[in-house]
Amino acid sequence: MKLNRFGMKQHRNFLVTSNALYNIHKNTINRKIRIRDIAGLTKSADTKNHEFIVHVEDDYDYTFPNTDAILRDEFFENLKAAYFMARNKNLPVFKINVPMKTYCTSKSDIKKGL
């Protein structure tokens with residue numbers, strides 16, 4: 001699942017490769033994010049909240065309203081491994097105690113130059 005710009009949940013398949021993160025919907029690639037363009041990950045400090053954000057340099061972020069801690073942690077490990085292989089450094093992971101939307105850059109934020 002991912003949240004669209006209107007806050008609605010949408011089913012998506014995500015594929016992590018050594019080069020990119022792909023958003024796939026009905027056998028079509030909707031978005032390709034190069035691993036090198038990922039700026040970091042944010043997750044909630046609340047152990048009952050498993051949603052997270054993938055931050056993208058110079059572009060809008062992805063918010064995932066995830067409900068499964070194991071799937072989130074598995075996704076993080078795969079993305080962190082791909083990032084390390086691509087950039088030879090660790091992917092920053094942030095924990096926050098405030099609503100996730102506070103730290104998510106939207107398409108409209110990008111248009112406004114924020």
Side-chain angles (χ1 to χ4, degrees):
M1 296 281 237
K2 78 166 199 87
L3 284 180
N4 69 14
R5 63 185 174 180
F6 304 109
M8 297 171 48
K9 294 179 183 178
Q10 296 177 312
H11 291 280
R12 292 292 186 269
N13 291 311
F14 289 90
L15 174 66
V16 178
T17 70
S18 58
N19 295 315
L21 169 63
Y22 295 90
N23 167 355
I24 302 168
H25 180 63
K26 295 184 179 178
N27 300 320
T28 302
I29 296 173
N30 284 0
R31 186 175 182 194
K32 174 185 173 184
I33 303 167
R34 292 181 338 148
I35 295 296
R36 293 185 157 278
D37 294 338
I38 295 175
L41 302 170
T42 297
K43 64 181 182 177
S44 175
D46 179 356
T47 57
K48 294 179 183 174
N49 181 352
H50 309 298
E51 64 184 313
F52 62 94
I53 300 169
V54 175
H55 300 284
V56 184
E57 291 179 11
D58 302 320
D59 207 348
Y60 65 96
D61 300 334
Y62 264 132
T63 302
F64 294 85
N66 185 48
T67 58
D68 188 321
I70 294 170
L71 287 177
R72 180 198 61 198
D73 293 345
E74 185 177 300
F75 179 82
F76 274 32
E77 290 306 313
N78 287 310
L79 199 53
K80 286 168 35 178
Y83 186 89
F84 189 82
M85 287 189 298
R87 299 191 77 175
N88 203 29
K89 63 181 182 177
N90 291 326
L91 177 62
V93 178
F94 307 97
K95 275 188 182 178
I96 59 172
N97 288 315
V98 295
M100 298 296 272
K101 66 180 178 178
T102 306
Y103 287 94
C104 187
T105 302
S106 67
K107 283 183 182 179
S108 63
D109 292 338
I110 294 295
K111 288 179 184 177
K112 294 175 187 173
L114 300 177

Decide whether Leu21 and Met85 are clustered together by the hydrophobic rule: side chain heavy atoms of Ile, Leu, Val, Met, Phe, Trp, Tyr closer than 4.5 Å, transitively. no

Not counting sequence neighbours, which residues clear side-chain hydrogen bond (donor to acceptor under 3.5 Å, both in side chains) with Glu77? List them please. Lys80

Using links of under 4.5 Å between side-chain heavy atoms of ILVMFWY residues, direct or through other members, which residues join Ile29 in one cluster? Leu15, Tyr22, Ile24

Can you find a pair of side-chain heavy atoms, one from Asp61 and one from Val54, that are under 4.5 Å apart? no

Going by side-chain hydrogen bond (donor to acceptor under 3.5 Å, both in side chains), name the residues that satisfy it together with Asp46, two or more places apart in sequence or in a different chain. none

Step-by-step side chain to side chain contact (heavy atoms under 4.5 Å, CB included) determination, Tyr60 to Asp109: CA-CA 8 Å; Tyr60 65 96; Asp109 292 338; over 6 Å; no

The side-chain hydrogen bond (donor to acceptor under 3.5 Å, both in side chains) partners of His50 (sequence neighbours excluded) come to none

How far does CG of Asn23 sit from CG of Asn30, to the nearest 0.5 angstrom? 5.0 Å

Mind checking ring-ring contact (aromatic ring centres under 6.0 Å, His included) for Phe75 and listing every partner two or more places apart, or none if nothing turns up? Phe52, Phe64

Suppose we screen for salt bridge (Lys or Arg N to Asp or Glu O under 4.0 Å). Which residues come up paired with Arg31, at least two apart in sequence or across chains? Asp59

Using the test side-chain contact (heavy atoms from CB on, under 4.5 Å), find all partners of Asp68 that sit at least two apart in sequence or belong to another chain. Asn66, Ile70, Leu71

Are the side chains of His55 and Ile53 in contact, using a 4.5 Å heavy-atom criterion? yes

ring-ring contact (aromatic ring centres under 6.0 Å, His included) contacts in which one or both residues fall within residues 82-114, not counting sequence neighbours: none

Rounded to the nearest 0.5 angstrom, the OG1-CD distance for Thr42 and Glu51 is 11.0 Å

Nearest heavy-atom neighbours spanning Ile35 and Ser18: CG1-O, 3.9 Å

Mind checking salt bridge (Lys or Arg N to Asp or Glu O under 4.0 Å) for Arg34 and listing every partner two or more places apart, or none if nothing turns up? Asp37

How long is the straight-line distance from OG1 of Thr17 back to CG of Asn78, given to the nearest 0.5 Å? 11.0 Å

Restricting to side-chain contact (heavy atoms from CB on, under 4.5 Å), what partner residues turn up for Glu57, sequence neighbours left out? Ala39, Arg87

Which heavy-atom pair separates Arg36 from Ala86 by the least distance, and what is that distance? NH2-O, 2.7 Å

If you compare all heavy atoms of Leu91 against all heavy atoms of Ile38, which two are closest, and at what distance to 0.1 Å? CD1-CG2, 3.8 Å

Set of side-chain hydrogen bond (donor to acceptor under 3.5 Å, both in side chains) partners for Thr28, sequence neighbours left out: none

